[in-house]
Amino acid sequence: MELRHLKYFVAVVEEQSFTRAAEKLFIAQPPLSRQVQNLESELGIQLFERGSRPLQTTAAGHYFYKQALKILSQTEESKSMAKRVALQERTVNIGFVGSLLYGLLPRIIHLLRQQRPNIQTELVEMTASEQIQALKEGIIDVGFSRTRLSDSSIRRVLLREERLMVAVHSSHEVASMQGGVSLEQLVNESVFLYPRTNGPGYSSQVKALFTEYGLEPRHLREVREIQLALGLAAAGEGICIVPESAQMMHFRHLSYVPLLEDAAVSPIFLTMRDMDESEDIRALLDCVYQVYDLEAIRYDRVIL
Ligand code: BEZ
């Protein structure tokens, strides 16, 4: 016996007619009659009084009707409960490169939590190449990074190009160039690069930027992460080139100066599994754009 049989039987009882029940169920009458007969033979009881007009249930039929109603309403309840549980338990695992945490990432995640309280988020710091692997293995659902890495099973969405700035001790002559400084004016400086990784990353982008203009800084030193680069710059040990959102990290005696070159930008990407139709990733992207609108940041909207 299937739920379908119970639904058919209940409709016939309530309509007191096979014809009207068939219309209500959008099926032809002969298969409906056959299904009810099959039900009777499976139960080994007669459910309807033969020849009754309008159709009447037997005592056993009436009892079975009450039970069928209970089963059907319990099934509906279980279905909607399961849906609610599924909604509550949704978790989006998000990989991100460390520098984004000092920019807009916290605001974006907070907005998502406010607007979609049913979506849980798990944030995991990882490099761009680790994010690609983690997406493939299903460890994360979405990644945020600054590196243009390609993979046939990964979709990469360019969110925006963030302008770069120089972080330098306030006593340094560059700190007074608030209108902007060119890369050429920095070649004699010690430049702290971060993060220290094996693969391609933000530090290779900064090196490539100097190379693009035919320049080579006097001294390059890689450090583990952005706070170290900024801290060392604040100590007057050298300078570092950071995305403009890093300005929110305040160090005493550290100034930020815009870089003048057009190419002095760092892309920010969202990466996800190709063909992933997740509504949650759409909601996350929508929050990114809402924050951009609030901050008057220019971007080209991508529809997932
Ligand atoms: C942004 O600064 O544009 C950004 C940071 C984290 C996630 C997405 C976008």
Side-chain angles (χ1 to χ4, degrees), residues 90-116 119-132 134-135 139-151 154-167 194-195 197 200-203 205-206 209 225-227 229-230 240-250 256 258-259 262-274 276 278-304:
R90 262 163 37 203
T91 299
V92 183
N93 294 294
I94 303 169
F96 65 94
V97 291
S99 69
L100 294 176
L101 203 54
Y102 306 106
L104 300 178
L105 186 62
R107 263 181 88 183
I108 292 164
I109 302 302
H110 190 251
L111 188 64
L112 182 74
R113 284 175 181 278
Q114 281 179 321
Q115 295 186 351
R116 306 291 176 111
I119 303 179
Q120 307 290 313
T121 48
E122 291 267 347
L123 288 158
V124 197
E125 194 214 336
M126 41 177 86
T127 65
S129 31
E130 283 167 349
Q131 286 180 29
I132 304 264
L135 281 166
I139 295 167
I140 59 168
D141 303 296
V142 61
F144 290 113
S145 62
R146 293 185 179 273
T147 314
R148 200 171 266 108
L149 289 180
S150 297
D151 189 290
I154 301 296
R155 179 168 181 191
R156 195 182 63 210
V157 175
L158 174 65
L159 296 174
R160 68 171 173 128
E161 303 260 16
E162 186 177 7
R163 296 278 331 152
L164 297 179
M165 301 190 90
V166 180
Y194 68 90
T197 52
Y202 178 73
S203 63
Q205 281 174 23
V206 172
L209 180 63
E225 52 190 40
I226 185 169
Q227 297 96 318
L230 289 170
C240 61
I241 292 179
V242 291
E244 62 186 356
S245 55
Q247 284 178 95
M248 61 163 279
M249 279 191 276
H250 298 288
Y256 291 93
L259 270 176
D262 287 345
V265 290
S266 168
I268 300 181
F269 298 107
L270 175 152
T271 46
M272 58 195 279
R273 282 179 285 278
D274 199 25
D276 190 337
S278 160
E279 169 52 28
D280 298 343
I281 299 180
R282 260 187 228 129
L284 177 60
L285 181 60
D286 191 53
C287 288
V288 172
Y289 291 149
Q290 286 181 57
V291 170
Y292 286 176
D293 289 340
L294 288 168
E295 290 289 318
I297 290 173
R298 284 187 47 227
Y299 63 96
D300 290 322
R301 186 176 283 263
V302 173
I303 310 284
L304 291 183

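Whatever order the structure lists them in is the order used to number ligands and atoms, beginning at 1. These figures come from a predicted structure and were not determined experimentally.
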Tell me, do Val242 and Tyr194 make a side-chain contact under 4.5 Å, heavy atoms counted?
yes
Are any side-chain N or O atoms of Asp141 and backbone N or O atoms of Asn93, one a donor and one an acceptor, separated by less than 3.5 Å?
yes
Donor-acceptor under 3.5 Å (Tyr256 side chain, Ala246 main chain):
yes
Short N or O contacts of ligand 1 with protein, under 3.5 Å, listed by atom name?
| residue | atom | partner | partner atom | Å |
| --- | --- | --- | --- | --- |
| ligand 1 | 2 (O) | Arg160 | NH2 | 2.9 |
| ligand 1 | 3 (O) | Arg160 | NE | 2.7 |
| ligand 1 | 3 (O) | Arg160 | NH2 | 3.4 |
| ligand 1 | 3 (O) | Tyr292 | OH | 2.4 |

Can we say Glu279 and Arg116 salt-bridge, meaning some charged N sits less than 4.0 Å from an Asp/Glu carboxylate O?
yes
Is there a donor-acceptor pair under 3.5 Å between the side chain of Glu295 and the backbone N or O of Leu104?
no
Any side-chain to backbone donor/acceptor pair from Tyr289 onto Val302? Under 3.5 Å, distance only.
yes
